[in-house]
Amino acid sequence: MAISRRQFLGRSGAVAGGVVGASLFGNPFTRDAMAMTLGDRYVVSLYLDGGNDGLNTITPVDNGGSGALRADYEAARNTGSGGIRLSSGELLVPGGPSLLDPNTGSQLGFHPGLYGLSNLYGQGKVAVIQGCGYPNASLSHDTSAKVWERADPNRSGISTGWVGRHLAAHFGPSDIPAVAVRGSIPGEFDQTTTSVLTVSRVEQFNFPYDSSNGSDSTFRRNALMALADESLLSGQPVQSQVGAADKSTLLAADSYPGLHDAYEDDRPSFDQMYDDLGTSAARDLREISKIIYGVENAVPNVNARYFELRNGGYDNHSDQGGGSPGGRHYNNHEEVGQALETFYADCDDMGVADKLIVFVWSEFSRRILQNDTGTDHGTQGPMFVLGGTVNGGVYGNHPDIADGSLESGNTIYTQDVANPYRSTDFRDVYGTIMKHWVNVPHATVLSNLLPLDTGDPNERWATENFDMGFL
Amino acid sequence: MGDENTALSAGDVRHLLRRTGFGAKPKEVEKMSAKYPTRGAAADKLLKFKPANFRPGGKDIRARQVSWFKYMLKGKRALQEKMVLFLHDHFATNNDTLGDDLQMANQNRLLRQGCIGDFKQLVKDINLDPAMMDFLDTVRNRKEQPNENYPRELLELFTVGVTDFQGNNNYEQEDIVQIARAFSGWRLNEKDDPFLQESRHDFMEDFPKRGPKVIFQTTGSFGPGGRSFTTLGEGATEIEEVIDILFEHTDSDGENTVARRIARRLLEYFAHGAYATSDPPTAAAADAVIAESGFDSNWDLGALIRAILVSDAFYETAGSGPATPRSVKWPIDYAVTSMRLLGMKLKGKDARLDGGARRRIVDHLSDMGQELFDPPSVFGWDWENSWITSRTVLSRAIFARDLTVARGNSATGFRPHKLMDTELTDPPAIVDAVTDVLGVSDRISPTERAILIDYLTDEGVQSSIDLENEDVVERKLAGLFAVVMQSPAYQLH
């Protein structure tokens, strides 16, 4: 499958145009930084935008040994017209690792639409991490998304992303360690010095030097690169950021477009599988796959290790639907699950499944009690981490959803170790990823990336657990 | 310290025209300087309009996007359109979710008519705007199960905001719950007017009695009793009463919360690149323009804008040095400004650029990150440096390239001879002429100018440039225009 660098260069139009200078071939600093931390691994962040209903994602099937999760669930979610309750019979319980709530022993199941992820769970490739939240939850999409992206539940004014802080410490302004398959730089990658590439489709990433005047292209590229460098040094913060974006754009435009044809030629069957799904989640994951393919084949200037994509449409205040195909939430889950299953198979075939994790998050879950035909904003929900070497299984407890335990219809965050429904702070999940996957020393994670809260240790995140066990 | 009598420099005029409109043509700068030489006179001139009744037309959303774009490109009422864009972002409603281009167009007209008027009245009108009622679920808000979607955004985005200047919360979740109860029961009739349609109503024949409601028991300086908003009865009077109370809310400094937030947003919009610098507008800057305009009692947007346009806060960002805060042009600003300065029009019914791949303007805008009538969410667009990513940089570059390769003598083509003296042969003079046409001569540093000269001369090989030679125009002059429009400095204003 793999192609040599020479073969790749031969078929890459941008490179054949003679625009690329020798300085672009490899970047020792980038390689060095990679070796210090992530090595040859990859991290993909998948954001479910809008607030995913966690209670209808990983759902109690029965009451288990000690609890009443199913009864509480049925009290909160209606059946009938506009009802969104998932019946015990339609919930998916795959083989593989047991899918029991560690606290109550309740059998859990995947939403029927999420069969793709359920299949991967059955293969032992998925960690389900329940009850992920943070103290003093915000029910605003914007505020809560920023809390997750910046890992700053105290809203203390931190303006950088939790991954971005790591990138900024290890990469220079024209490195491209991170790629977002979307129109804007994701908050978790936000930082000041390192350029994050945003692409929608790699093959469209050609710089428009004006093809009818090929002989002028080198002059134009040189001028634009000089203007970008000059802007980087301008001392004007905004102009400097535009310069950084320009520079990484010019560099990426030399190398990224060719990834499309190379991938399509060498991996036609997988290419077709994404096409057959036809969803934006599938197409976006395919772009990540193309870039990973480029890295694995040592394509010049393609060094990205961190990726982000988002899937929207989870803000289901109305018409959420239940467990049948066609409902809004069913469609959301089906799209994401199918796309992840195909992406994992693709990566497995490339031999990188064991070098990859995908973590899935949302800015909040939804109200435990449903409204008319949907759900309003809520607090804690499940996260997922999937990958070839992930220790599949259930981590963290299902939140307490008994009517009398709710506050304004929402579950209550607690770090009280004596509380059997203790919450999982999302920073423990991020810290475990940083420590056990990215290889950042424990103390550095704590000091530079995920600082602890102060205050009542039962109500705040005052003790970290970066060894959750899923990696 | 300046005031409304402060005289304007040419640089000040360029800044004023760039921020309140779509670029500054050299002739426009001359005319403004001569006829309206002070901050006050220029602001009055720009604000002297009665909002147009214009509603973007067309049979679908694409056609309406084009209709609005062309209206902006005419440039007759640039400040009016800048304000409609601001309000479209502020009361962000997206057609992607709504799927109703007529309602979107009607909302657009509502925003235009209110763009320099009474902001409190505008919020009341938005309460019952069909597009908004559908977009944020007011039409699905039932007495038995109140839907919090609209009330939450009313507080968070349209009026008081989550926190004040001190970082203290402006409201609690309970306030949203209470307000949601008041907005239950509204429906749209077939003509999309707000109307209580009995057949689809909340289990009651008349407006449902939902009982007393109290808000702001912990914020807003209303005291522990908070404020009841059912004093005038339930229904239409009640949701207007909610707005009246919101506009009385004071923050932890004891200042009017809505006035400060809107003043801050408009300062960010016109005066600062606040999201991109660590120096957002201060409480003092907001308070100064509120005091100048009386916005916290008259709610007059026109007066507030005038106060901003005569303030030091606005003209402090007019300088050309690297220390001056810059603001990133919105994609719509980038596109309209570029076409207007080049004197170019769109071609054909589907409004394409005549150059490059002859793409539709709406596709260009979408790639640059701004689809009119389709802000990404109720939060509107992310401003400032969020407009700039590798993808959008590339899309802007493609747009600039396409403009400069459009051929032909009609107004859909690129006609540099109409814009500058093509008898020039001296490379530095040609570079200066081009940056002048594009309105950035004051924003190009000496080093950047040298880079452009280097480009024009094939890196020092040519000492003289013959712009009468068609090949040179095709290759180098078009290229120079493209490179300037693709340069970092041109993305800013």
Side-chain angles (χ1 to χ4, degrees), chain A residues 49-50 138-143 155 157 159 176 180 182-185 195-200 204-210 212-213 215-216 219-220 222-224 226-228 230-231 234-239 241-243 245-246 248-249 252-253 315 317-318 370-374 376-377 408, chain B residues 137 140 142 144-149 152 156 162 167 173-174 177 273 276-277 322-328 356 369 377-379 382 384-386 388-394 397-398 401-402 404-405 445 447-448 451-452 454-455 458-459 474-476 478-479 482-483 486-489 491-492:
Chain A
D49 185 355
S138 168
L139 299 186
S140 150
H141 290 289
D142 187 52
T143 304
R155 281 87 108 183
S159 63
I176 309 172
R182 51 188 272 192
S184 57
I185 294 174
S195 287
V196 175
L197 192 69
T198 56
V199 294
S200 103
Q204 294 162 359
F205 216 82
N206 280 302
F207 199 89
Y209 295 111
D210 183 4
S212 62
N213 284 296
S215 63
D216 199 47
F219 293 124
R220 290 202 195 185
N222 291 347
L224 289 164
L227 289 167
E230 175 63 15
S231 295
S234 66
Q236 211 291 323
V238 185
Q239 183 147 353
Q241 288 190 25
V242 179
D246 271 11
S248 60
T249 301
D315 194 17
H317 286 275
S318 53
Q370 79 170 82
N371 67 27
D372 186 6
T373 60
D376 285 318
H377 302 179
S408 302
Chain B
D137 292 319
R140 293 171 202 86
R142 288 170 45 198
E144 304 302 316
Q145 286 155 320
N147 189 306
E148 297 170 8
N149 210 4
R152 181 182 309 283
E156 177 173 344
V162 177
Q173 168 66 16
E174 184 57 23
V177 172
T277 71
T324 308
R326 297 276 199 275
S327 181
V328 177
S377 74
V378 71
F379 298 96
D382 286 338
E384 298 303 343
N385 55 329
S386 295
I388 295 292
T389 68
S390 34
R391 179 179 159 192
T392 57
V393 159
L394 192 62
I398 290 168
R401 187 274 314 266
D402 285 2
T404 55
V405 300
S445 72
T447 312
E448 287 167 317
I451 292 166
L452 295 172
D454 218 28
Y455 164 74
D458 290 352
E459 301 180 353
E474 289 268 335
R475 199 170 64 90
K476 296 306 293 201
V483 169
Q486 291 163 345
S487 71
Q491 313 312 313
L492 311 175

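Fair warning: this is a prediction, and the values are worked out from it, not measured in the lab. So that the names make sense, note that chain A is the first sequence line, chain B the second, and so on, each numbered from 1.
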Looking only at heavy atoms, which two atoms of A:S215 and B:R475 are closest? And how far apart?
OG-CD, 4.0 Å

If you define the side chain from C-beta out and look only at heavy atoms, does anything of A:D372 sit under 4.5 Å from B:N147?
no

Nearest heavy-atom contact between B:I388 and A:A245 is CG2-CB, 3.7 Å

From A:D315 atom CG to B:S377 atom OG, the distance as rounded to the nearest 0.5 Å
9.5 Å

Do B:K476 and A:D216 have side chains that get closer than 4.5 Å, going by heavy atoms?
yes

Just by distance, no angles: are the side chains of B:E156 and A:S140 close enough, under 3.5 Å, to form a donor-acceptor pair?
yes

Between A:S318 and B:R140, which heavy-atom pair has the shortest distance, and what is it?
OG-CD, 3.4 Å

Could you measure the distance from the CD atom of A:E230 to the CD1 atom of B:I451? Nearest 0.5 Å is fine.
5.5 Å

Relative to chain A, which segment of B:L492 carries a heavy atom at a distance below 4.5 Å: side chain, backbone, both, or neither?
side chain

Segment of B:S445 engaging chain A (4.5 angstrom heavy-atom cut-off):
side chain

Are B:D458 and A:F219 side-chain neighbours, meaning at least one heavy-atom pair lies under 4.5 Å?
yes

The interface call for B:Q173 against chain A, heavy-atom contacts under 4.5 Å, is side chain

What part of B:Q491 gets within 4.5 angstrom of chain A, counting heavy atoms only: side chain, backbone, both, or neither?
side chain

Would you indicate whether the side-chain heavy atoms of A:L227 and B:L452 approach each other to under 4.5 Å?
yes

Checking B:V483 against chain A: side chain, backbone, both or neither under 4.5 Å from a heavy atom?
both

Whatever's closer than 4.5 Å to a heavy atom in chain A on B:R152 counts as side chain

Side chain proximity check, A:L224 to B:Y455, heavy atoms < 4.5 angstrom:
no

Shortest non-hydrogen contact from A:H317 toward B:D137:
CB-OD2, 3.2 Å

With respect to chain B, which residue among A:G374, A:A226, A:S200, A:A228 yields the maximal number of heavy-atom pairs within a distance under 4.5 Å?
A:S200

Is there side-chain contact between A:S234 and B:E448, with at least one heavy-atom pair below 4.5 Å?
no

How long is the gap from CG on A:D210 to CD1 on B:I398, to the nearest 0.5 Å?
12.5 Å

Cut-off 4.5 Å, heavy atoms of chain B, and the answer for A:Q239 is both

Looking at A:L197, A:D142, A:V199, which makes the most heavy-atom pairs under 4.5 Å with chain B?
A:D142

Could you pull out the closest heavy-atom pair between A:D246 and B:Q486, with the gap in Å?
OD2-O, 3.7 Å

With respect to chain A, which residue among B:S386, B:A489, B:S487, B:G356 yields the maximal number of heavy-atom pairs within a distance under 4.5 Å?
B:A489

Is there a side-chain contact between A:N371 and B:P146, using heavy atoms and a 4.5 Å cut-off?
no

